[in-house]
Amino acid sequence: KGEPNLYQRLAYALLHNEDTVDCDFSIAGPFSWEHVNIPENKLTKYALNTEHEGSGKGKAKLFQQLLNITKEDWRYLAAQIENAIECGALQNVRQTEHGVQFHIDMPIKGLNDVSRIVRTAWIIRQPQQCSLTTAYILDKSQHKETQLHLVNKLL
């Protein structure tokens with residue numbers, strides 16, 4: 001009945017991925033926010049950290065420049081992600097040695113009232129435990145494909 005939830009969409013994507021071999025994916029019960037984890041440190045120490053020595057620095061600068069979201073605003077970004085996860089565009093679902101990994105592209109409204117498509121990366125290491133691994137703003141060339149997917153979902 002109704003729209004499939006996140007776990008149902010993941011299972012469908014895994015079943016229809018020709019690259020997936022011997023995939024074991026089961027979820028007991030419906031999708032629940034109690035089982036989604038957005039770790040503070042993934043946002044404050046990486047995606048929103050302008051002092052990060054690796055790729056986090058570039059991500060953080062874009063969040064700050066394009067959406068006016070800084071490390072201190074991590075709770076705002078986490079709430080935006082939580083609100084958009086169910087309607088986001090599920091991408092690149094795959095079974096790895098670490099668990100089921102996937103992306104969800106979603107519109108995020110910045111503190112400056114500008115919206116951008118943000119790619120969030122997730123992992124499920126055990127049944128019913130879904131964790132954010134990173135988030136970053138997609139460049140404009142990637143926006144159109146995701147926006148088309150989101151519009152088609154609404155129709």
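This one's a predicted model, so the numbers in the text were calculated from it and none came from an experiment.
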Problem set entry | Under the side-chain contact (heavy atoms from CB on, under 4.5 Å) test, residues paired with Gln101 that sit two or more places apart | Arg94, Thr96, His98, Ile123
Seminar exercise, completed: Between Leu90 and Ile104, the two heavy atoms sitting closest are CD1-CG1, 3.9 Å
For this session: Can you sort out the partners of Tyr76 under ring pair (Phe, Tyr, Trp, His ring centres under 6.0 Å), two or more places apart, ordered by chain and number?
Result: none
For this session: Give the intermediate values and the outcome of side chain to side chain contact (heavy atoms under 4.5 Å, CB included) for residues Leu43 and Leu132.
Result: CA-CA 9 Å; Leu43 298 177; Leu132 178 78; 4.0 Å; yes
For this session: Indicate the atoms forming the closest heavy-atom contact of Trp122 with Asn37, along with that distance.
Result: CZ3-O, 4.0 Å
Exercise. Closest approach of Ala135 and Ala47, non-hydrogen atoms and distance?
Worked result: O-CB, 3.5 Å
Exercise. Is there a side-chain contact between Met106 and Thr120, using heavy atoms and a 4.5 Å cut-off?
Worked result: yes
For this session: Give, for atom CG of Leu138 and atom NE2 of His103, the distance between the pair rounded to the nearest 0.5 Å.
Result: 9.5 Å
Problem set entry | Summary of ring pair (Phe, Tyr, Trp, His ring centres under 6.0 Å) pairs that have at least one residue in residues 50-69, sequence neighbours excluded | Tyr46-His52
Exercise. With sequence neighbours left out, what residues match Glu72 under side chain to side chain donor-acceptor pair (under 3.5 Å)?
Worked result: Thr70
For this session: Apply the side chain to side chain contact (heavy atoms under 4.5 Å, CB included) test between Val118 and each candidate in Ile81, Ile69, Leu62, Ile108; give the one that qualifies.
Result: Ile108
For this session: Using salt bridge (charged side-chain N to carboxylate O under 4.0 Å, His left out) as the criterion, list what pairs up with Lys61, not counting sequence neighbours.
Result: none
For this session: Taking side-chain contact (heavy atoms from CB on, under 4.5 Å) as the test, write out the residues that go with Glu40, two or more places apart.
Result: Thr44, Trp74
For this session: Would you mind reporting whether Lys57 and Glu51 have side-chain heavy atoms less than 4.5 Å apart?
Result: no
For this session: Using side-chain contact (heavy atoms from CB on, under 4.5 Å) as the criterion, list what pairs up with Lys42, not counting sequence neighbours.
Result: Pro39
Problem set entry | Test side chain to side chain donor-acceptor pair (under 3.5 Å) applied to Thr50 - qualifying residues, sequence neighbours left out | none
For this session: Test Leu66 against Val114 for side chain to side chain contact (heavy atoms under 4.5 Å, CB included), laying out the working first.
Result: CA-CA 8 Å; Leu66 300 176; Val114 171; 5.9 Å; no
Problem set entry | All side-chain contact (heavy atoms from CB on, under 4.5 Å) counterparts of Lys45, not counting sequence neighbours | Asn41
Exercise. Step by step, would you call Glu82 with Ile38 a side chain to side chain contact (heavy atoms under 4.5 Å, CB included)?
Worked result: CA-CA 9 Å; Glu82 284 181 4; Ile38 300 177; 3.6 Å; yes
Exercise. So, for Lys71 and Leu48, which heavy atoms are closest and what is the spacing to 0.1 Å?
Worked result: CB-O, 3.5 Å
For this session: Any chance you could measure Asp139, atom CG, to Arg116, atom CZ, to the nearest 0.5 Å?
Result: 10.0 Å
